[in-house]
Amino acid sequence: MVRETDWSKWQRTPRGWVRVPPPGCPAGHRWTTSGPGRPSERFVTCGCTVDRHHTLWVCPTCGMHCAEGCTDPDLWAGTTVSSGIVGSRRGVV
C-alpha cells in the first residue's frame, strides 16, 4: 500500500523538508515550527487505527507526549514510548 503524502503538513527548510507540528499541546503550551519552541518528533505504535503509527510530538515546555491523529493514548505500545510516560503525560493533537 502506497501512502499519499500530505504536503500541507511539511515545510521546506535549508536542511530539507520537515514536518509542521500542531499549534500546541493539550496543556496549553504553544509550539513553533522552528527554534526552542518546536516540539521534538517521534513515532508511536498504537492500536486505535488500522495504520497503527502516529507521529508523537513531545512538548518542550512540559514534556507531554501527544500523538497526532490518535483517538486513545491508552493503546500505545510500550515498546515505542518510554515507560515513565504515564496516562497523565499522554495526549492527542
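Of the possible polar contacts, one joining the R38 side chain to the T33 backbone as a donor-acceptor pair under 3.5 Å is found. A donor-acceptor contact shorter than 3.5 Å is absent between the side chain of R42 and the backbone of V58. Under the 3.5 Å distance criterion, the side-chain polar atoms of T13 are matched with a main-chain donor or acceptor of R15. Checking side-chain atoms of R90 against main-chain N and O of I85 turns up a donor-acceptor pair under 3.5 Å.
Contact of the W17 side chain with the R19 side chain is not registered, since no non-hydrogen atoms from C-beta on lie closer than 4.5 Å. Two residues are said to be in side-chain contact when any heavy atoms from C-beta on lie closer than 4.5 Å; W10 and V20 fail this criterion. Within the 4.5 Å cutoff, the side chain of P26 has heavy atoms near those of the C66 side chain. Looking at heavy atoms from C-beta onward, H29 lies out of side-chain contact with M64 at the 4.5 angstrom threshold. Contact annotation: the side chain of C25 approaches that of C62 to within less than 4.5 Å [non-hydrogen atoms, C-beta and beyond]. Looking only at side-chain heavy atoms (C-beta outward), P73 and V92 come within less than 4.5 Å of each other. Inter-residue side-chain proximity for C48 and H54 is flagged as met; some heavy-atom pair is nearer than 4.5 Å.
Residues G91 and W76 share a closest heavy-atom pair of O-CZ2, 3.8 Å. Between G84 and R89, the shortest heavy-atom distance links the atoms O-NH1, 4.1 Å. Scanning all heavy atoms of the two residues, the minimum distance from L56 to A67 falls at CD1-N, 3.9 Å. When all heavy atoms of W31 and G24 are compared, the pair lying nearest together is CD2-CA, 3.7 Å.
Atom CZ of residue F43 and atom CZ of residue R52 lie 15.5 Å apart, to the nearest 0.5 angstrom.
For the side chain to side chain contact (heavy atoms under 4.5 Å, CB included) test with T45, the passing option among D51, L75, T80 is T80; the others fail.
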